[in-house]
Amino acid sequence: MSSLVIDLILCGLAYVILIYVMATMTKNSLRKGNNSPDDGDGGVEDFTPPKIDLPPGVQWPSDSPKSRVPEPVEF
């Protein structure tokens, strides 16, 4: 057998062993019953939007006055 065939067989064998080990490791963590509502990413939840510093004269549409009536246009 050539060295290429031996290399392919060894790589395939290593792949199968790696998949087997990873499957057994994840199976054990799934059986522990992690049914808590915590998603596990940690940290403090802050749902407020960030305050962005806009250039002078620029306003967010939500900050604009609501009672503004458009002026009639004359032709």
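Quick caveat: nothing in here was measured; it's all calculated off a predicted structure. These numbers come from the heavy atoms of this one structure, side chains and all, not from hydrogens, waters or symmetry mates.
Follow the hydrophobic side-chain contacts under 4.5 Å out from Met22 and you never reach Tyr15; the two are in separate clusters.
For the atom pair CG (Leu8) and OG (Ser2), the distance works out to 8.0 Å, reported to the nearest 0.5 Å. The OG1 atom of Thr24 sits 5.5 Å away from atom OH of Tyr20, with the distance rounded to the nearest 0.5 Å. Note that CG of Leu4 is 10.0 Å distant from CD1 of Ile9, once rounded to the nearest 0.5 Å.
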